[in-house]
Amino acid sequence: MMRLGVIADDFTGATDIASFLVQNGMATVQLNGVPPGDETIDADAIVVSLKSRSCPAAQAVSDSLAALSWLQQQGCERFYFKYCSTFDSTAAGNIGPVTDALLEALGETQTVISPALPVNGRTVYQGYLFVMDQLLSESGMRHHPVTPMTDSNLLRLMDAQAQGKAGLIASSVLDQGADAVRQRLGELKADGVRYVVLDALHEQHLLTQGAAVQQMKLVTGGSGLAIGLARQLASGAHDKQQAQAAGAPQGKRAVVISGSCSTMTNRQVAIYRQQAPAQVVEVEACLQDPQAYALQLCDWVVQNADGELAPLLYATSDAQQLQQIQQQYGAARSSEAVEQCFAAVVRELKARDFRRFIVAGGETSGVVAQTLGVRAFYIGPVISPGVPWVRDTEQPISLALKSGNFGDENFFARAQTEFPL
Ligand SMILES: Nc1ncnc2c1ncn2[C@@H]1O[C@H](COP(=O)(O)OP(=O)(O)OP(=O)(O)O)[C@@H](O)[C@H]1O
Ligand SMILES: O=C(O)[C@@H](O)C(=O)CO
């Protein structure tokens, strides 16, 4: 069986794809960054999560190449560059430069671009990316604090970020099945097309994509293509229930941390505030006396941790508030201050025996997992599509790491009530 190596550009994105791989029959282990040693991982798929979505492009490239080379040493022969289903990227990259570097390192001249995840409302039609019924550039993503997306055309986005030529395989070809897609890939390759954007309107298109690209050394996309690819690569020998059991949540004391400003997280926070104790995290206080403020927030969490639902700390703001904050303190400075505050808070909460962390936002999740010293985890049962519970392989810590736009409105409460101790 072909071993799959996944390089994910953020934390919740990595957990998202790992969850779909497990659900579709591949035993999967997720690692936080490239491990320093040469331990051998026993799994059908290995997902390495990086923090390479919004860092400078050169760093994203070198981190991704280091992950590739480590995955090759692990015996992986197929590779998947996982980015966001909303194609989150800065003006200078990083999806284009990383894709180019991986192609070159693998000696390949073509790959696919497939961010679609229809179960979560991300579809691609004629190369345009939609979030539910809106174009990406007209969705809440246009106000993202770090990677605002103001263009929805994936071919144009690749043209702007990458070195080579972009082309399209439209949904009408996907409707004809995997052979038709494979043939079109060949024609586009002959025309020198390096990045082939794949339309997908529903899950059958993802299954067709998986069948058409199973021989490609490198594919790129959101987690949707992983459904199709895992169905092709999975051995079938692996017990899905058993694999998920290893990641079932444990640990009594829980906290909810929300650093995402997405439209969905704003709604989830608004609902949860009515159900559980909630405390806003003020940017100004984070900047003024970070250590003292973090301790104050921890004390509040501890005082409110004995109810039915875990206390919530949130920096989540709507687009208007966020714009105001960013004008006042600077976008990078304010988001860094919030991340550092959450880091200090979870460090202290771990010392005070908190064992379950429910976190909203990819960057925020990366910071939390890093601070908790989580190096690898088992993928557990699914709370919402793309968001499983996961459990540290070494410490008794459980995490639910939610991508900004994922989950239903009642996600924070469901993550607890549907998985009681
Ligand atoms: N009130 C705020 N003011 C300024 N920055 C904030 C505020 N709240 C959150 N942030 C920052 O915004 C960023 C949000 O990114 P994060 O990746 O955590 O969420 P997201 O982008 O919605 O999630 P995902 O990447 O999974 O889609 C973080 O760097 C966070 O620190
Ligand atoms: O693909 C997605 O939407 C998510 O897995 C993600 O990457 C958000 O950070």
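Note: hydrogens, waters and symmetry copies are ignored here, and every other heavy atom, side chains too, is used. Just so it is clear, the model here is predicted, and its values are computed rather than measured. Indexing begins at 1, ligand by ligand and atom by atom, following the structure's order.
Here Q74 pairs with nothing under the side chain to side chain donor-acceptor pair (under 3.5 Å) rule; sequence neighbours left out.
A donor-acceptor pair is defined here as one N or O able to donate and one able to accept, closer than 3.5 Å; such a pair exists between the side chain of S398 and the backbone of Q250. In terms of modelled atom types and a separation under 3.5 Å, the side chain of S89 and the main chain of F87 share a donor-acceptor contact.
In the displayed structure, E108 atom CD is contacted under 6.0 Å by more than 12 heavy atoms of other residues, nucleotides or ligands.
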Query - Verdict with supporting geometry, F81 and F79, ring-ring contact (aromatic ring centres under 6.0 Å, His included) - result: CA-CA 7 Å; F81 171 34; F79 302 93; over 10 Å; no
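Within 4.0 Å of ligand 2, heavy atoms belong to protein residues D10, T12, G13, D16, R53, K82, Y83, C84, S85, S403, F406. For ligand 1, residues of the protein lying within 4.0 angstrom by heavy-atom distance are D10, T12, R53, H144, P145, G259, S260, C261, S262, V283, A315, S317, L322, I325, S334, S335, V338, E339, G361, G362, E363, T364, S403, G404.
Looking only at side-chain heavy atoms (C-beta outward), Q209 and V112 stay at 4.5 Å or farther from each other. Between F412 and V269 there is a side-chain heavy-atom pair separated by less than 4.5 Å.
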Residues 275-288, side-chain donor-acceptor partners within the protein, below 3.5 Å, at least two apart:
residue	atom	partner	partner atom	Å
Q275	NE2	N410	OD1	2.9
E284	OE1	Y329	OH	3.0
E284	OE2	Q288	NE2	3.2

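A salt bridge is absent between E77 and K217: the closest approach of a Lys/Arg side-chain nitrogen to an acidic carboxylate oxygen does not fall below 4.0 angstrom.
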